[in-house]
Peer 1: 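Take this structure, written in C-alpha cells, and hold onto it; I'll ask about it next.
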Amino acid sequence: MLTLIHFSGALRFCGLNRNKKLESAFWHEKWEKKEIGFHRPDVHPLLTQYWSRVVSQHDGRVFVPLCGKALDVGYLHSMGHSVIGVELDERAVKELFEEQKMEPEITEWRGGQCWQARGIRIYQGDFFQLQSADLGDVDAVYDRAALVALPPPMRALYATRMAALTGNAPQLLVTFEYDTSQMDGPPFSVTSEEVEQRYGERYQIEELSREDIIEKSERFQEQGLD
C-alpha cells in the first residue's frame with residue numbers, strides 16, 4: 001500500500017538554472033546559507049495523523065529518504081521504530097543528531113559517512129549509492145521531501161531505486177501539485193497521475209488527503225504567492 005497526501009496550490013520560487021538543481025552543490029549551498037525553508041521546526045502533523053494507516057506496529061524499521069534534519073526522524077524513533085535515513089549534506093546530519101541530543105558513531109561507507117546512535121542510522125551522501133544490504137529489511141517508508149525534491153528525469157530513477165532498496169515496503173508519500181508555469185521547483189510538482197505512473201504497478205495507491213496550503217502558509221504568502 002502506498003498512502004498519499006497531496007498538497008495543491010500555485011507556488012512560486014525564484015528561478016534557478018535547471019542544471020544546477022541536478023548538482024549536489026545546489027543543496028550543499030542551501031544548507032551552508034541556511035536557506036532551508038523546507039525544514040519544519042516541528043513534527044509534521046500529517047505524519048502523526050496518518051502514520052497508523054501505514055504501519056500496524058511501531059517496532060519495525062523505517063526508511064526516510066532525503067531526511068535533512070527533520071524532527072520526524074526523532075518522532076518515528078520515539079514511537080519505537082528503528083530509523084534509517086539518507087541525506088546529502090553533512091551539516092544537516094550533524095544538526096539532526098545534535099537536536100536529538102545523541103552522540104553518533106561515524107564510520108565510512110561507499111557514498112560518504114554513516115552516522116548512527118541508539119536506533120537511528122543516517123547515511124550521509126548520495127542516495128543512489130545505497131544498496132539494499134545497507135538498509136536490511138525495511139518495514140515502511142516515509143517520504144515527505146524526497147520525490148518532490150527531484151526533477152522529472154531523476155524521479156523515474158528514484159522510484160525504481162526505492163523499489164529495489166525497500167522491497168516495495170508500505171510508504172507514506174507527501175507531494176505538491178501546482179501550475180508549473182508559475183514555478184520551476186523545487187519542490188517540484190508531482191501530480192496524482194505521475195504518482196500512479198511511478199508506483200501504480202507496485203502499489204495499491206490510496207489518497208488520504210488533498211488540501212490547498214497557501215492560505216495556511218505565511219512563508220508563501222510573504223513571497224506574494226497566490
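Everything quoted here is computed from the prediction, not taken from an experiment.
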Peer 1: What's the verdict on side chain to side chain contact (heavy atoms under 4.5 Å, CB included) for Gln171 and Phe63, showing C-alpha distance, side-chain angles and the deciding distance?
Peer 2: CA-CA 9 Å; Gln171 68 173 283; Phe63 180 46; over 6 Å; no
Peer 1: Counting distance only, does the side-chain N/O of Glu87 pair as donor-acceptor with the main-chain N or O of Asp89 below 3.5 Å?
Peer 2: yes
Peer 1: Could Lys94 and Glu90 be called an ion pair, given the rule that one side-chain N must be under 4.0 Å from one carboxylate O?
Peer 2: no
Peer 1: Can you find a pair of side-chain heavy atoms, one from Leu130 and one from Trp109, that are under 4.5 Å apart?
Peer 2: yes
Peer 1: Under a 3.5 Å distance rule, please check whether His44 uses its side chain to pair with a backbone N or O of Leu46 as donor and acceptor.
Peer 2: yes
Peer 1: State, yes or no, whether a side-chain contact exists between Met162 and Arg202 at a heavy-atom distance under 4.5 Å.
Peer 2: no
Peer 1: What I'd like to find out is whether the side chain of Tyr158 reaches to under 4.5 Å of the side chain of Arg198, using heavy atoms alone.
Peer 2: no
Peer 1: Check whether any side-chain heavy atom of Val64 lies under 4.5 Å from a side-chain heavy atom of Val83, and answer yes or no.
Peer 2: yes
Peer 1: Only pairs under 3.5 Å count here: list side-chain donor-acceptor contacts from residues 111-118, not counting sequence neighbours, and write none if there are none.
Peer 2:
from: Gln113; atom 1: OE1; to: Trp115; atom 2: NE1; distance (Å): 3.2

Peer 1: Counting C-beta onward and ignoring hydrogens, is there a side-chain heavy-atom pair between Phe127 and Leu165 closer than 4.5 Å?
Peer 2: yes
Peer 1: Mind listing the closest non-hydrogen atom pair of Asp139 and Gly60 along with its distance?
Peer 2: OD2-CA, 3.2 Å
Peer 1: Applying side chain to side chain contact (heavy atoms under 4.5 Å, CB included) to Tyr123 and Gln129, what does each step give before you reach the verdict?
Peer 2: CA-CA 10 Å; Tyr123 288 97; Gln129 293 287 322; over 6 Å; no
Peer 1: Which value, rounded to the nearest 0.5 Å, describes the distance between Cys67 atom SG and Leu88 atom CG?
Peer 2: 11.0 Å
Peer 1: Under a 4.0 Å threshold between the charged nitrogen and the carboxylate oxygen, would Arg110 count as salt-bridged to Asp134?
Peer 2: yes
Peer 1: Quick one: does Val138's side chain get under 4.5 Å of Ile84's, heavy atoms only?
Peer 2: no
Peer 1: Taking Arg40 for its side chain and Asp72 for its backbone only, find out whether a donor-acceptor pair lies under 3.5 Å.
Peer 2: no
Peer 1: Main chain of Leu135, side chain of Arg61: is a donor-acceptor contact present, judged purely on distance under 3.5 Å?
Peer 2: yes
Peer 1: Check this for me: does any side-chain nitrogen of one of Glu177 and Arg210 sit under 4.0 Å from a carboxylate oxygen of the other?
Peer 2: yes
Peer 1: Supply the atom-to-atom distance Gln100 CD to Glu95 CD, rounded to the nearest 0.5 angstrom.
Peer 2: 12.5 Å
